[in-house]
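The sequence lines fix the lettering, A, B, ..., with proteins before strands; numbering per chain opens at 1.
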Number of protein chains: 2
Amino acid sequence: MRPTVHDIAAEAGVSLATVDRVLNKRPGVRAVTRDKVERAIETLGYVRDVTAANLAKGRTYPLVFIVPAGDNSFMRGLEVEVRAAIARSAAERTEITILSVPAFNPQALAEALEEAHRRQPAGVAVVAIDAPEVTAAVKRLRDDGIAVVTLVSDLPGSARDHFAGIDNIAAGRTAGNLIGRFLGSREGPVAVLAGSMLVRDHRDRLEGFHAVMRDHFGARALLPVIEGQDDAVLAQKLVAALLAAQPDLAGIYSLGAGNRGLVAALETAGKAETICVVAHELTPYSRAALVSGTIDVILNQDAGHEVRSAIRVLKAKADGLPVIAAQERIRIDIFLKDNLPNGQA
Amino acid sequence: MRPTVHDIAAEAGVSLATVDRVLNKRPGVRAVTRDKVERAIETLGYVRDVTAANLAKGRTYPLVFIVPAGDNSFMRGLEVEVRAAIARSAAERTEITILSVPAFNPQALAEALEEAHRRQPAGVAVVAIDAPEVTAAVKRLRDDGIAVVTLVSDLPGSARDHFAGIDNIAAGRTAGNLIGRFLGSREGPVAVLAGSMLVRDHRDRLEGFHAVMRDHFGARALLPVIEGQDDAVLAQKLVAALLAAQPDLAGIYSLGAGNRGLVAALETAGKAETICVVAHELTPYSRAALVSGTIDVILNQDAGHEVRSAIRVLKAKADGLPVIAAQERIRIDIFLKDNLPNGQA
DNA sequence: CTGTTAGCGCATTCAG
DNA sequence: CTGAATGCGCTAACAG
């Protein structure tokens with residue numbers, strides 16, 4: 001049987017309360033006494049039973065998640081994962097509230113952060129927009145002792161505690177490498193379809209993509225970026241125009257959402273098979289297009305992992321505990337039709 | 001505050017003990033009483049606090065992991081993950097023993113399973129070899145009420161409760177698709193380096209690979225499989241001979257271990273840059289070769305995920321609880337140099 | 001500064 | 001068949 005607080009109390013010749021005080025680094029213990037207890041902890045090899053501690057504390061963590069509204073499938077999937085986390089609230093001692101905000105609207109996001117602030121939660125997770133008013137709102141939260149984690153899209157240079165998302169520069173590089181190699185010696189330019197340069201993740205992906213294309217596939221022409229606002233209808237219109245204007249288009253990197261529109265345009269133009277397409281995020285639509293062959297590769301971030309990581313980090317920060325960075329790293333998944341998971345999405 | 005056993009006892013007008021009896025489906029409760037309690041549970045929306053239950057029970061799960069010995073980096077990484085799980089034993093209420101056995105030796109493995117049996121654990125996780133004596137030993141464990149999970153390599157047709165590993169046919173297909181597309185119109189045959197056809201995972205990968213090459217890249221010549229016994233020295237010798245015999249070799253699919261030997265042979269022959277190589281398992285060696293460009297793609301299974309999944313399943317089976325299959329699915333990771341995680345491995 | 005005591009939510013004797 | 005009482009390992013008033 002592993003040692004308990006009783007054992008260390010006996011070993012040190014003190015009471016339970018004193019042991020608890022040094023265990024939780026609370027004041028009101030003489031240095032000598034503290035030493036005795038710490039020695040006992042050491043010699044007995046005591047490790048605290050966290051679940052028992054939580055049971056006794058009865059502590060819960062009120063958290064707020066701020067997620068963009070709209071019909072972006074990835075964001076809807078993200079919200080599903082947050083709701084799944086809500087379903088686990090009891091076991092995880094969390095109380096999660098979801099705040100929905102219009103997409104690509106810095107003003108609205110800043111207001112949502114204020115709303116979150118008013119609720120005085122232990123932490124806030126937010127899909128960020130890279131804008132000064134957002135950075136300012138995050139700072140106010142932090143100044144008030146509320147932990148902040150950016151989710152999916154980061155806010156570098158802000159006071160946020162942590163970013164729960166993928167390395168988007170690496171994602172862009174991966175896309176470039178795959179498109180470059182898949183096209184091989186085949187002729188024709190490559191286009192990029194983005195959502196908006198207002199969000200950091202899209203900017204980073206573009207940067208990584210351009211870097212690889214420049215360094216390793218310099219002969220390949222790159223067309224100017226198209227911004228589809230992550231909107232399926234707009235994306236379809238823009239891509240249709242692109243296909244008409246560039247009959248010899250060889251590849252498309254779709255680094256944002258709106259893949260439904262992209263796929264529709266490709267299929268309408270009868271180009272589904274011939275153009276090499278690398279897209280982001282595994283959703284029911286993109287999945288179908290991968291299986292049918294319209295999309296060749298999907299780069300994905302696991303929204304479930306991101307949400308669970310954000311919660312772990314938020315709880316740790318709220319308790320002033322350190323975070324094991326390596327454990328919280330979100331991986332860039334690569335899916336071909338052959339390694340598609342059978343499950344959800 | 002969420003309802004507790006006390007609340008439901010009060011609501012149903014019975015004692016705690018009775019509530020506990022129906023909660024844990026123990027006998028000795030009249031149907032009427034049981035109904036009353038179940039109704040109370042329903043109306044109050046009670047959900048049991050598992051951590052408190054575990055605390056009260058003080059139950060632990062003795063588990064045995066059987067892992068092949070030798071200098072196979074992947075297996076050593078797997079063992080590291082099992083040791084990490086041992087470090088978490090306190091929190092997870094497990095007591096894990098590791099048994100080491102010579103690789104590719106069905107006889108030795110069957111004996112290790114007997115040794116595990118003697119310890120009377122709640123469950124056994126085993127990297128299987130597809131052989132009758134192993135299947136028989138697994139059956140004896142199961143007949144004795146001990147849960148069995150195969151790890152990494154499965155034992156289809158046996159009595160094992162679950163397989164914690166990837167879909168190796170899909171992995172082989174993925175490898176075929178990537179090699180086929182990367183080579184494009186380039187001429188030259190493709191070779192396959194395996195460990196041993198004695199283990200199911202290698203056989204499955206080969207099957208998937210052949211299927212895709214046949215169906216989608218029919219023009220590409222496939223050389224007979226080379227078996228390197230997952231041994232670096234042997235693999236190096238065999239690959240060196242292959243390179244000498246096939247000067248126009250275009251690609252290699254390394255579906256087992258022994259990548260150190262493969263890489264050494266390629267670099268010695270000065271073919272590191274020119275031949276397209278797809279290999280399995282991210283280890284320090286394969287990682288370095290991916291970064292240097294000798295290996296083009298690494299397919300990986302996350303040993304940490306596999307170990308954690310095996311433990312979850314073993315505990316659930318030991319308690320007679322169902323397993324959520326989708327949640328325990330192990331994904332096939334694809335790594336290019338661009339999306340390599342910075343962490344371990 | 002230190003000790004006593006009473007729970008947290010649940011499981012389990014042991015009586016009745 | 002059912003209930004009262006006790007304890008799991010830890011925390012938190014409240015006394016001293």
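Residue B:Gly58 is out of contact with every strand shown, counting any heavy-atom pair closer than 4.0 Å. At a threshold of 4.0 angstrom between heavy atoms, the contacts of B:Val14 are confined to the sugar-phosphate backbone, with no base atom among them.
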Revision key, fill the gap. Once base and sugar-phosphate atoms are separated, protein heavy atoms under 4.0 Å mark nucleotides 5-16 of chain D, 5' to 3', with B, S and - as --BBBBSS----
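A distance-only check finds a donor-acceptor pair linking the side chain of B:Arg93 to the backbone of B:Arg59 [under 3.5 Å]. Remark: side-chain polar atoms of A:Asp161 are not paired, donor with acceptor, to backbone N or O of A:Val149 under 3.5 angstrom. Using a distance-only test at 3.5 Å, with no hydrogens or angles considered, no donor-acceptor pair links the side chain of B:Arg160 to the main chain of B:Val138.
Rounding to whole angstrom units, CZ of residue B:Arg59 and C1' of C:dT12 are separated by 15 Å.
Figure legend: cation-pi geometry between B:Arg48 and B:Tyr46 absent, as NZ or CZ is not positioned both under 6.0 Å from the six-membered ring centre and within 45° of its axis.
Between A:Asp333 and A:Gln301 the shortest side-chain heavy-atom distance does not fall below 4.5 Å. Using a 4.5 Å heavy-atom threshold, the side chains of A:Ile166 and A:Arg331 count as separate. Considering only heavy atoms from C-beta on, A:Leu78 comes within 4.5 Å of A:Val307 through its side chain.
Side-chain N/O atoms of A:Thr33 include none lying less than 4.0 angstrom from OP1 or OP2 on C:dC1. At the phosphate of C:dT2, neither OP1 nor OP2 sits under 4.0 Å from any side-chain N or O atom of A:Ser15.
Considering A:Leu44, A:Ile41, A:Thr43 in turn, A:Leu44 is the only one that fulfils the side-chain contact (heavy atoms from CB on, under 4.5 Å) rule with A:Pro3.
The end-to-end axis angle of the helix from C:dC1-D:dG16 to C:dG16-D:dC1, rounded to 10 degrees and based on five pairs per end, is 40°.
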